[in-house]
Number of protein chains: 2
Amino acid sequence: MKNCEQHISPQVVKRLPRYYRYLEDMLEAGLVRTSSKELSAKSGLTASQIRQDLNCFGGFGQQGYGYNVEQLYNEIGRILALDNKNKTILIGAGNLGRAVALHMDFDRKGFKLIGIFDKNEAVSGQLVGHIPIRHISGLDDFCLENKPTIAVLCVPKDNAKELSANLYNLGVKGFWNFTHYDIANKYSDIAVENVHLSDSLMTLCYKINRLDEVET
Amino acid sequence: MKNCEQHISPQVVKRLPRYYRYLEDMLEAGLVRTSSKELSAKSGLTASQIRQDLNCFGGFGQQGYGYNVEQLYNEIGRILALDNKNKTILIGAGNLGRAVALHMDFDRKGFKLIGIFDKNEAVSGQLVGHIPIRHISGLDDFCLENKPTIAVLCVPKDNAKELSANLYNLGVKGFWNFTHYDIANKYSDIAVENVHLSDSLMTLCYKINRLDEVET
DNA sequence: TAGATTGTTAATCGATTAACAATC
DNA sequence: TAGATTGTTAATCGATTAACAATC
């Protein structure tokens, strides 16, 4: 491991899960060895960039040989800290919240989903996977007792502000934010990943439109 | 409108929906006028960057005054082409697919959802919102008849490759891709927006971990 | 040894920030 | 007019690409 692991550019960090995905494919396909050239062909990124990226964390490769698939896979998993068990709660058990709770393999990505909350009394007690939905009124007590550090926000925009402030005060350090509200720039000592689905959809609309223009 | 609308950097494009969101808030709050300074405070971006971004598309502001909220909102909507009605189909009516179909307001973002498909015969005919799920076997005929240009992919990874190839041949020009498979670098004449939820979750794991390290 | 491919430095490119004249 | 804030150019910063010596 190199000492330059100190500060890594956000751009590099965002590419790590991608590498991880490609390596998982290769691992499943039984490949033992790969190279920046091969990863480049798979990803569309330049070989140069891939080598540069991987080298931020240390020399995982070998001149003349390339990279060992399994070793590189494990190293990236370690860098991403996927063996963590960050205690996680999810707020908002609507369609999206349920889909996220069921669809994501939290355990294999460094998280442990320990509670689901919703403000709708009618759904309290229902199971999502093997986790019961609790009423939002029990949130504070639950947090004081179980000390989750991560919250997944799948609530409507209007709730997001007070809710995130409350969760912050209850010790939540990381937010996976599906709401339209931007938490990030309020607090400096937390980690936020925004998933702005409608931003993404609007971006697609823009792109499609420009595609048409280029053709004509 | 300025002539520099020709080519806009992807970074700028990604920020447009964000501006649009802030402006919508302001509009709802009844604000008439804003400035790059105010938008900066709201977003955490620099005022300079905001002015730079908006200026790619023309001078929407006025020296000494700032921007008219409604005008700027409309302009950005126009730039994003949100009044389009791109005919859209969604493939994969599992939890995620249903959530996306129900949760997203396609109509207000430049799209018109006209069909939902799933390979599971058992769910054929079920309604998601007001749209019935069709069996995947009818996909080709449906496309030939209705000519959708956009596909939302909510299928497992293993289906994604053949499916996207098939859709491409059927004339689909834009993909909103929720699968783990990367379509983008296969074809050059299409638009793709990838929503890699698990990449995002892994990135959060990395960030949380580094947060801990900085504290100690 | 010859061939391959890394690790790493230097060059290029693009995006952000700062500064300020123009002007409402 | 004086104050404010844009539009725009120039300076800085960061990220990507190219090149190549090191070495397996």
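Chain A is the first sequence line, chain B the second, and so forth, proteins listed ahead of strands; every chain is numbered from 1. For the numbers below, each heavy atom of this structure counts, side chains included, while hydrogens, waters and symmetry mates do not. Here the structure is a predicted model, which means the values were calculated and not measured.
For the segment residues 61-75 of chain B, residues with any heavy atom less than 4.0 angstrom from an atom of DNA chain D are, sorted by number, B:G61, B:Q62, B:Q63, B:G64, B:Y65, B:G66, B:Y67.
Paired regions of DNA chain D, where each region holds three or more successive Watson-Crick or G-U pairs whose two hydrogen-bonding distances fall under 3.5 Å, are C:3-24 with D:3-24.
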Polar atom pairs (N or O), protein with nucleotides 9-14 of chain C, under 3.5 Å:
| residue | atom | partner | partner atom | Å |
| --- | --- | --- | --- | --- |
| C:dT9 | O4 | A:Q52 | NE2 | 3.3 |

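Residue A:F60 contributes atom CZ, which lies 18 Å from atom C1' of D:dC24 at whole-angstrom precision. To the nearest angstrom, P of D:dG3 lies 15 Å from NZ of B:K37. If you take CZ of B:R51 and P of C:dC20, they are 13 Å apart, rounded to a whole angstrom.
Side chains of B:E193 and A:T203: no donor on one and acceptor on the other come within 3.5 Å. Residues A:N68 and A:Y73 have side chains that never bring a donor and an acceptor to within less than 3.5 angstrom of each other. Defined by atom type and a distance below 3.5 Å, a donor-acceptor pair is present between the side-chain atoms of B:D182 and B:H196.
Ring centroids of A:Y187 and A:Y168 are separated by less than 6.0 Å, placing the two rings close together.
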*Run the side chain to side chain contact (heavy atoms under 4.5 Å, CB included) check on B:L153 and B:I183 step by step: do they pass?*
CA-CA 11 Å; B:L153 301 190; B:I183 308 168; 3.7 Å; yes
*Go through B:D25 and A:Y181 one step at a time and tell me if the side chain to side chain donor-acceptor pair (under 3.5 Å) criterion holds.*
CA-CA 10 Å; B:D25 289 351; A:Y181 171 71; over 6 Å; no
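The side chain to side chain contact (heavy atoms under 4.5 Å, CB included) with A:I79 is formed by just one residue from the set A:L16, A:L54, A:V13; it is A:L16.
Nearest-nucleotide positions on DNA chain D for B:S36 and A:Q49 put B:S36 closer to the 5' end.
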